[in-house]
Amino acid sequence: MGEIQALRGTRDILPEEIGYWQWVESVARSLLTKAAYQEIRTPIFEMTSLFERGIGEATDVVGKEMYTFLDRGDRSITLRPEGTAGVVRSLIEHGLHTQGGVQRLWYTGAMFRYERPQAGRQRQFHQLGVEVIGSADSRADAEVIVIATDILQRLGLKSLQLYLNSVGNVEDRQHYRQALVDYLTPYKDELDPDSQDRLGRNPLRILDSKDERTQRIVTNAPSILNYLGPSSQRHFEQVQQLLSDLGIDYQLNPRLVRGLDYYTNTAFEIQSGDLGTQATICGGGRYDGLVAQLGGPDIPAVGWAIGLERLILLLQQLQSAPKPELDFYIISRGDAAQAQALRLAYRLRHAGFSVELDLSGSAFKKQFARADRSGAIGCLILGDEEAENQTVQLKWMVSKAQQAIAQDDLVSMTNDLRHQLDNFTAR
RNA sequence: GCGAGCGUAGCCAAGUGGUUAAGGCAGUGGAUUGUGGUUCCACCACUCGGGGGUUCGAGUCCCCUCGUUCGCCCCA
């Protein structure tokens, strides 16, 4: 096709859908603000080396999914594939951690990954994420998880499943990795080709393979939970205890492995059964080594990210898009009336009402039809007669009751109007 | 990067080699003068994603290409 269109894996969020986005953002913002999280906005592109060092060169995200290119100064830059690396970079660069205490941050924005689009996956997608930097306390893990479940619950999402695991610290993982390779090697020929490949490079990832035969073999593989050292063990137990205390349902899944190298100890995912194959809507965990790895001090952190497209896919299955309310729709005919209508709209908006002005100048019948479709609660009518008398007809769309009111009176009877609007909205 | 399906108007969609490409939604105009969600009428694709081929003849068959969807990989 020669026409200009949105690039593969990108899409427009049209007005009919935007209500979901605004709703999610407002719920999240209000909850996060109440938990003393502060919003941070970082650039959408960064030096490529930030992601290579932060996410890990062996990961698929870095190895084959990054939007990387040279700018005009021959610098290698990359459109951010996730949010954490940039936030941590910013924290270090501005010394936020030196301002004392724990940094509680949240962000939302577009992320980019060069992959084949499919259900719940796009090249440009959006995440909402939080990072708690500067605390190794298991309460930080628990806090971050409650906030995630709280946001999802407030949005009306039920039947989500929280999976919890610990991937231990670097040493624990080393030991476990060896044990896993020892276990899997005899079965090598029976594994699916992808997993055979990963046996040498990234054996942990074999654990969540979707291949049935591989899954059967993996069923009896050693569990990472048996390889956690004392401190990892204790941390994990505390997190579980705290979640139970909070009344949060979770399911241990020792085969849960996350794709980014920086995770340590706690790892979790929130999944939905209604999303097809991309079931994870929220993924996160602890990343105690990342800040140091990016050149900052050795401070611990936990966080998560929610995939907003996936979240909104679920919301769309549950309810129709929230629509903006419209108080008044103004129709008019005739030069004087049309001019007055514009002014009336302006004055009513200043009085706090939402007002749409019909610009068509077509027959009243047509304008009424549009008023109806607009969903406005009240319709204001200005014709030659009203223009002459400086009045306006106010018609309540539901009851069809109509009365003439002086334009000046209308604007000053704010409370009365508000009261009537509320009555009609309540029904 | 690999595999499979699909591509007809803004949207949904019939059509499976043969005269003028159904229908629905939306939209626009009208059913006598300024009152809506119902009804009725009219208009709304020289063209079937693009290119090439087979054929007397192609939206319908073949090839290429682009796009899209679902899946694998991976992840939010």
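These numbers were taken from a predicted model, which means no experiment stands behind them. Reminder, nothing fancy here: chain letters follow the sequence lines and each chain counts from 1.
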>> Less than 4.0 angstrom between a side-chain N/O of Thr277(A) and OP1 or OP2 of rC70(B), yes or no?
In response: no
>> Check the phosphate of rG36(B) against Lys365(A), side-chain N and O only, distance under 4.0 Å to OP1 or OP2. Yes or no?
In response: yes
> With sequence neighbours left out, what residues match His97(A) under ring-ring contact (aromatic ring centres under 6.0 Å, His included)?
Replying inline: none
Could you state the atom-to-atom distance from [atom1] of [X] to [atom2] of [N] in whole Å?
X         : N       : atom1 : atom2 : result
Ile206(A) : rC73(B) : CD1   : P     : 13 Å
Tyr262(A) : rC75(B) : OH    : C1'   : 11 Å
Arg123(A) : rC75(B) : CZ    : P     : 17 Å
Gln118(A) : rU68(B) : CD    : P     : 14 Å
Asp358(A) : rU28(B) : CG    : C1'   : 15 Å
Tyr114(A) : rG1(B)  : OH    : P     : 6 Å
Leu191(A) : rC72(B) : CG    : P     : 18 Å
Asp60(A)  : rA76(B) : CG    : P     : 12 Å

[X] has a side chain; which of [options] sits nearest to it?
X         : options                   : answer
Arg8(A)   : rG30(B), rU68(B), rG71(B) : rU68(B)
Lys210(A) : rC73(B), rA76(B), rG71(B) : rC73(B)
Arg370(A) : rA76(B), rG34(B), rU28(B) : rU28(B)

> Looking only at heavy atoms, what is the nearest atom pair of Leu128(A) and Trp304(A), with distance?
Replying inline: O-CZ3, 3.3 Å
>> If I compare all heavy atoms of Pro117(A) with all of Arg8(A), which pair ends up nearest, and what's the gap?
In response: CG-CG, 3.7 Å
Under 3.5 Å, which donor-acceptor pairs do the side chains of residues 149-160 of chain A form with other protein atoms, sequence neighbours left out?
from: Thr149(A); atom 1: OG1; to: Ile145(A); atom 2: O; distance (Å): 3.4
from: Thr149(A); atom 1: OG1; to: Val146(A); atom 2: O; distance (Å): 3.0

Any residue in [range] with a heavy atom nearer than 4.0 angstrom to RNA chain B? Just list them by number, or reply none.
range                       : answer
residues 371-386 of chain A : Asp372(A), Arg373(A), Ile381(A), Gly383(A), Asp384(A), Glu385(A), Glu386(A)
residues 23-31 of chain A   : none
residues 307-319 of chain A : Gly307(A), Arg310(A)

>> Show every salt bridge (Lys or Arg N to Asp or Glu O under 4.0 Å) that has at least one partner inside residues 19-31 of chain A, sequence neighbours left out.
In response: Arg29(A)-Glu39(A)
Any strand counts, and the cut-off is 3.5 Å on both contacts for Watson-Crick or G-U wobble. Which nucleotide pairs with [N]?
N       : result
rG36(B) : none
rG23(B) : rC12(B)
rG7(B)  : rC66(B)

Applying side-chain contact (heavy atoms from CB on, under 4.5 Å), can you list everything that pairs with [X], at least two apart in sequence or on another chain?
X         : result
Gln278(A) : Gln118(A), Arg121(A), Arg310(A)
Gln390(A) : Gln340(A), Gln407(A)
Ser90(A)  : Ile40(A), Thr42(A), His94(A)

Tell me what [X] touches on the nucleic acid: a base, only sugar-phosphate, or nothing, going by heavy atoms under 4.0 Å.
X         : value
Gln402(A) : base
Gly120(A) : base
Gln122(A) : base
Met111(A) : nothing
Glu82(A)  : nothing

> Is the Trp396(A) ring parallel, tilted or perpendicular to the Phe328(A) ring (thresholds 30°, 60°)?
Replying inline: tilted
Residues 131-141 of chain A side chain polar contacts: donor-acceptor under 3.5 Å, at least two apart:
from: Glu131(A); atom 1: OE1; to: Tyr287(A); atom 2: OH; distance (Å): 2.3
from: Glu131(A); atom 1: OE2; to: Thr84(A); atom 2: OG1; distance (Å): 2.8
from: Ser135(A); atom 1: OG; to: Asp137(A); atom 2: N; distance (Å): 3.1
from: Asp137(A); atom 1: OD1; to: Arg139(A); atom 2: N; distance (Å): 2.7
from: Asp137(A); atom 1: OD1; to: Arg139(A); atom 2: NE; distance (Å): 3.2
from: Asp137(A); atom 1: OD2; to: Arg139(A); atom 2: NE; distance (Å): 3.4
from: Asp137(A); atom 1: OD2; to: Arg139(A); atom 2: NH2; distance (Å): 3.0
from: Ser138(A); atom 1: OG; to: Gln238(A); atom 2: OE1; distance (Å): 3.1
from: Asp141(A); atom 1: OD1; to: His235(A); atom 2: NE2; distance (Å): 3.4
from: Asp141(A); atom 1: OD1; to: Arg286(A); atom 2: NE; distance (Å): 3.1
from: Asp141(A); atom 1: OD1; to: Arg286(A); atom 2: NH2; distance (Å): 2.7
from: Asp141(A); atom 1: OD2; to: His235(A); atom 2: NE2; distance (Å): 2.9
from: Asp141(A); atom 1: OD2; to: Thr266(A); atom 2: OG1; distance (Å): 2.6
from: Asp141(A); atom 1: OD2; to: Arg286(A); atom 2: NE; distance (Å): 3.1

> With sequence neighbours left out, which residue pairs that include part of residues 327-336 of chain A fulfil the side-chain hydrogen bond (donor to acceptor under 3.5 Å, both in side chains) condition?
Replying inline: Asp327(A)-Ser354(A), Asp327(A)-Arg418(A), Tyr329(A)-Asp358(A)
> Between the side-chain atoms of Lys395(A) and the base atoms of rG36(B), is any donor-acceptor pair under 3.5 Å?
Replying inline: yes
> Do any N or O atoms from the side chain of Asp12(A) and from the backbone of Leu14(A) form a donor-acceptor pair under 3.5 angstrom?
Replying inline: no
>> Taking the cut-offs as 6.0 angstrom to the six-membered ring centre and 45 degrees off its axis, would you call Arg80(A) and Phe112(A) a cation-pi pair?
In response: no
>> Using a 5.5 Å cut-off between ring centres and planes within 30 degrees, is Phe368(A) stacked on the base of rU35(B)?
In response: yes
Produce the list of close N/O pairs, under 3.5 Å, pairing protein atoms with atoms of nucleotides 2-6 of chain B; give distances to one decimal.
from: rC2(B); atom 1: N4; to: Arg116(A); atom 2: NH1; distance (Å): 3.3

